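Input: a single structure, listed below in structure tokens.
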Amino acid sequence: MEQSTYLVVMAGGIGSRFWPFSRTYLPKQFHDVMGVGRSMLQLTVERFKGICPPENVFVVTNRDYSELVHQHLPELPADQILGEPIGRNTAPCIAYASYRIAQRDPQAVIIVTPADHAVLREVEFQRIINQAVDAARHHEVLITLGIQPSRPDTGYGYIQFLDEDPNSRLPMGLKKVKTFTEKPNLELAKMFLDSGDFLWNSGLFVWRADAILHAFHQYLGDIAEVFDEGTHLLGTPEEADFITQAYTRCRNISIDYGVMEKADNVYVLPADFGWSDLGTWDSLHRMGHHDADNNVVDGDALLYDTRECVIKTPADRLVVVQGLEGYIIAEYDNVLLICKRTEEQRVKDFVADVKSKKGNGYN
């Protein structure tokens, strides 16, 4: 385990596609989504044990969730929980953490991960991460992990890569990125899958601190300028006030659009370790434990003539289901959702309607 390896966990999202389980006051990263007794945030941090020391783990979250992070990770010092005053997408989030880490350790190699992904094969995951860390340590490259696609999924972004250059001095396995494509339609996704040179965009990144800061200066100079002005305040009692005003000056922009799609030193490391971003109810159905009728059940339920469903309900509520096929049945707090799995993209519309017609008590 290298002392100069750092982990940044992005844990500020709301996860509205997972409503009503994921709510504004308790987003999905703080839930036991997989039914294993641990929250997504806890599973994420545990996944990196042995890769970086605990004192090098940073969680970036909305300030409203800082206490929740502390409750789920009580061993994490408050100084390692970076609170954002407002959401500004992934570029300002990564800039904040990267500047903070670079100030402490200019030689740092930084791993960036979302807090709400699932990984089934953790030994293989750690092998791939260590491979990426070693490559980033010795080369000024921006590495993203690309997942071998198993189906033409329209819910993921795709990365197209180039064939390996035999004259490249980079480690074997790393492939130069050609293009990024956001969530394609089904026809295009099928073409990507058939071509063999596209991977799912996992949102996992590895790079040296100096490499990502150089990229910010080159491609997101306005954000770099903001953080350059306050670098000396990071790690001091003035940090929170500086971050409050800094975020008002930062654009709402993703690291993919702001840096990765523009930089010429972006590489992808193909991987296959049982990954899902668990962004939707259907993804939980794919990743969960299936009964004989291909249902995924987390709760006290009796099922009759029911198949291909995902059911997640409170443990103290008996649920009896008869005659459903391909449905989501999800209850949390004061909301019960019953929805066709094929129509789950409408969940965001449901949330918007509930907010406008019923107020803020349900979102």
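Keep in mind it's a predicted model, so treat the numbers as computed, not measured.
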Is the [atom1] atom of [X] crowded by more than 12 outside heavy atoms at less than 6.0 Å?
{"X": "His289", "atom1": "NE2", "value": "no"}
{"X": "His214", "atom1": "NE2", "value": "no"}
{"X": "Arg346", "atom1": "CZ", "value": "no"}
{"X": "Phe242", "atom1": "CZ", "value": "yes"}
{"X": "Glu75", "atom1": "CD", "value": "yes"}

Considering only NZ, NE, NH1 and NH2 on the basic side and carboxylate oxygens on the acidic side, decide whether [X] and [Y] come within less than 4.0 Å.
{"X": "Arg38", "Y": "Asp32", "result": "no"}
{"X": "Arg249", "Y": "Glu229", "result": "yes"}
{"X": "Glu124", "Y": "Arg127", "result": "yes"}

Keeping the roles fixed (side chain from [X], backbone from [Y]), state whether a donor-acceptor pair exists under 3.5 Å.
{"X": "Asp291", "Y": "Asn295", "answer": "yes"}
{"X": "Thr90", "Y": "Ile255", "answer": "yes"}
{"X": "His139", "Y": "Arg137", "answer": "no"}

Euclidean distance, Asn201 CG relative to Thr181 OG1, rounded to 0.5 Å: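 Between atom OG1 of Thr181 and atom CG of Asn201 there are 10.0 Å.
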Tell me whether the NZ or CZ atom of Lys262 lies within the 45° cone about the ring axis of Tyr257 and under 6.0 Å from its centre.
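Yes, Lys262 lies over the aromatic ring of Tyr257.
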Taking only distance into account, with no hydrogens and no angle test, what donor-acceptor pairs under 3.5 Å do side-chain atoms of residues 323-341 form with protein atoms, sequence neighbours excluded?
residue, atom, partner, partner atom, Å
Glu331, OE1, Arg317, NH1, 3.4
Glu331, OE2, Arg317, NH1, 2.9
Asp333, OD2, Tyr25, OH, 2.6
Asn334, OD1, Arg23, NH2, 2.6
Asn334, ND2, Gly361, O, 3.1
Arg341, NE, Asp282, OD1, 2.8
Arg341, NH1, Glu308, O, 2.7
Arg341, NH2, Asp282, OD1, 2.7
Arg341, NH2, His285, ND1, 3.3

Notebook entry, point to check: Is there side-chain contact between Ile110 and Trp207, with heavy atoms separated by less than 4.5 Å?
Noted result: yes
task: Only counting residues at least two apart or in another chain, list the ones meeting salt bridge (Lys or Arg N to Asp or Glu O under 4.0 Å) with Asp353.
output: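 By the salt bridge (Lys or Arg N to Asp or Glu O under 4.0 Å) rule, Asp353 matches no residue at all.
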Applying salt bridge (Lys or Arg N to Asp or Glu O under 4.0 Å) to Glu261 and not counting sequence neighbours gives none
Open item on the list: Using the rule ring pair (Phe, Tyr, Trp, His ring centres under 6.0 Å), only one of Trp200, Phe161, Phe198 pairs with Phe192; which is it?
Closed with: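 Single ring pair (Phe, Tyr, Trp, His ring centres under 6.0 Å) partner of Phe192 among Trp200, Phe161, Phe198: Phe198.
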By side-chain contact (heavy atoms from CB on, under 4.5 Å), Asp264 pairs with (sequence neighbours left out) Tyr219
Residues passing the side-chain contact (heavy atoms from CB on, under 4.5 Å) test with His70, sequence neighbours excluded, are Glu67, Ile81
Show me the donor-acceptor pairs within less than 3.5 Å that the side chains of residues 143-151 make with the rest of the protein, sequence neighbours left out.
residue, atom, partner, partner atom, Å
Thr144, OG1, Leu204, O, 3.2
Arg151, NE, Asp153, OD2, 3.1
Arg151, NH2, Asp153, OD2, 3.1

